[in-house]
Amino acid sequence: VAIGIGSNVLWHEWQTLRTWVAERNTVVHQRRQEREDALGKEAHERALAIVEGKNQGLDYRARAIRAAQISIWVADIPSNQIIFEGIHTGLKDFLPDTRIYHGREWYLRLHPHDTELVEYRFKEFIKRRIHTFEMEYRVPDDRGGWRWIISRGLVIQEDERGRTLVAAGTHTDIHQRKLAQIAHAQERALFNAGPVVIFRFALMGDRIIDFISRNAPRLWRYTDPDW
């Protein structure tokens, strides 16, 4: 009988403990969720305050952003989210829209060849190991393609220990310029490796050759230290 009573007491205490642990976990989860919601709300409010500014209307800002073909981004470090205003959807198409990305969502949207380097450089920037952030990389548009942009940013808010709280910057569309640069580089590579030597000289004066393609030594079997 004593053993049975003791077992019942232990079982009751075990059930009470399980109930208490479950209730405590629920409370902890609720508090964590409330804290994350509060951080998200604060981050959004800070971003809107930075992006909108005082006494500036949405229409005015949207027209300025559209004319300059830029997006404004605000990274809120405590809540680990980045907010964009102005979305490129394709050539000369632009949406004065606001989008929020959490954690690594933004990095995962970038071109696979750019993701790792962009994430590394941005983290170095947030840690203040580099003073400014500036990179060219590809972002998706709403038509399923990729667009080249240049991103620039600065830290605009720190805590009392000098750690980054908020960074902000811009995305500028450089797609057509970048494509022209890539095409030019490919053409030069073709000239340098091809069977035709390209050179340039002035028609007036001494007619000194001021440019010659790098395949000249191979094709002409002549090496000049100035080439």
Are [X] and [Y] close enough that some pair of their side-chain heavy atoms sits under 4.5 Å apart?
{"X": "Arg163", "Y": "Arg128", "result": "no"}
{"X": "Glu136", "Y": "Lys178", "result": "yes"}
{"X": "Ser71", "Y": "Thr170", "result": "no"}
{"X": "Ile82", "Y": "Ile100", "result": "no"}
{"X": "Tyr107", "Y": "Tyr101", "result": "no"}
{"X": "Glu119", "Y": "Arg104", "result": "yes"}
{"X": "Phe84", "Y": "Trp106", "result": "yes"}
{"X": "Val74", "Y": "Val166", "result": "yes"}

Closest non-hydrogen atom pair, [X] against [Y]:
{"X": "Leu165", "Y": "Pro78", "value": "O-CD, 3.3 Å"}
{"X": "Ile126", "Y": "Thr164", "value": "O-OG1, 2.8 Å"}
{"X": "Leu179", "Y": "Trp148", "value": "CD2-CD1, 4.5 Å"}
{"X": "Phe122", "Y": "Ala75", "value": "CZ-CB, 3.9 Å"}

Could you state whether [X] and [Y] fall into the same hydrophobic cluster, counting links through intermediate Ile, Leu, Val, Met, Phe, Trp or Tyr residues with side-chain heavy atoms under 4.5 angstrom apart?
{"X": "Ile150", "Y": "Tyr137", "result": "no"}
{"X": "Val139", "Y": "Ile174", "result": "no"}
{"X": "Ile149", "Y": "Leu154", "result": "no"}

Salt bridge (Lys or Arg N to Asp or Glu O under 4.0 Å) partner of Asp114, chosen from Arg121, Arg138, Arg109: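 Option passing the salt bridge (Lys or Arg N to Asp or Glu O under 4.0 Å) with Asp114: Arg138.
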Separation between CD1 of Ile77 and NZ of Lys127, rounded to the nearest 0.5 Å: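 If we round to the nearest 0.5 Å, Ile77:CD1 and Lys127:NZ are 11.5 Å apart.
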Verdict with supporting geometry, Gln157 and Val155, side chain to side chain contact (heavy atoms under 4.5 Å, CB included): CA-CA 6 Å; Gln157 187 176 346; Val155 173; 6.0 Å; no
Atom CD of Glu116: over 12 foreign heavy atoms under 6.0 Å: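 Atom CD in Glu116 is not crowded, with 12 or fewer foreign heavy atoms closer than 6.0 Å.
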Mutual orientation of the aromatic rings belonging to Trp73 and His171 [parallel < 30°, tilted 30-60°, perpendicular > 60°]: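 Aromatic pair Trp73/His171 classed tilted.
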Derivation and outcome, side chain to side chain contact (heavy atoms under 4.5 Å, CB included), residues Asp173 and Arg147: CA-CA 7 Å; Asp173 190 299; Arg147 297 195 68 77; 2.8 Å; yes
Non-neighbouring partners of Arg129 that pass salt bridge (Lys or Arg N to Asp or Glu O under 4.0 Å), sequence neighbours left out: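 Listed in chain order: Glu124.
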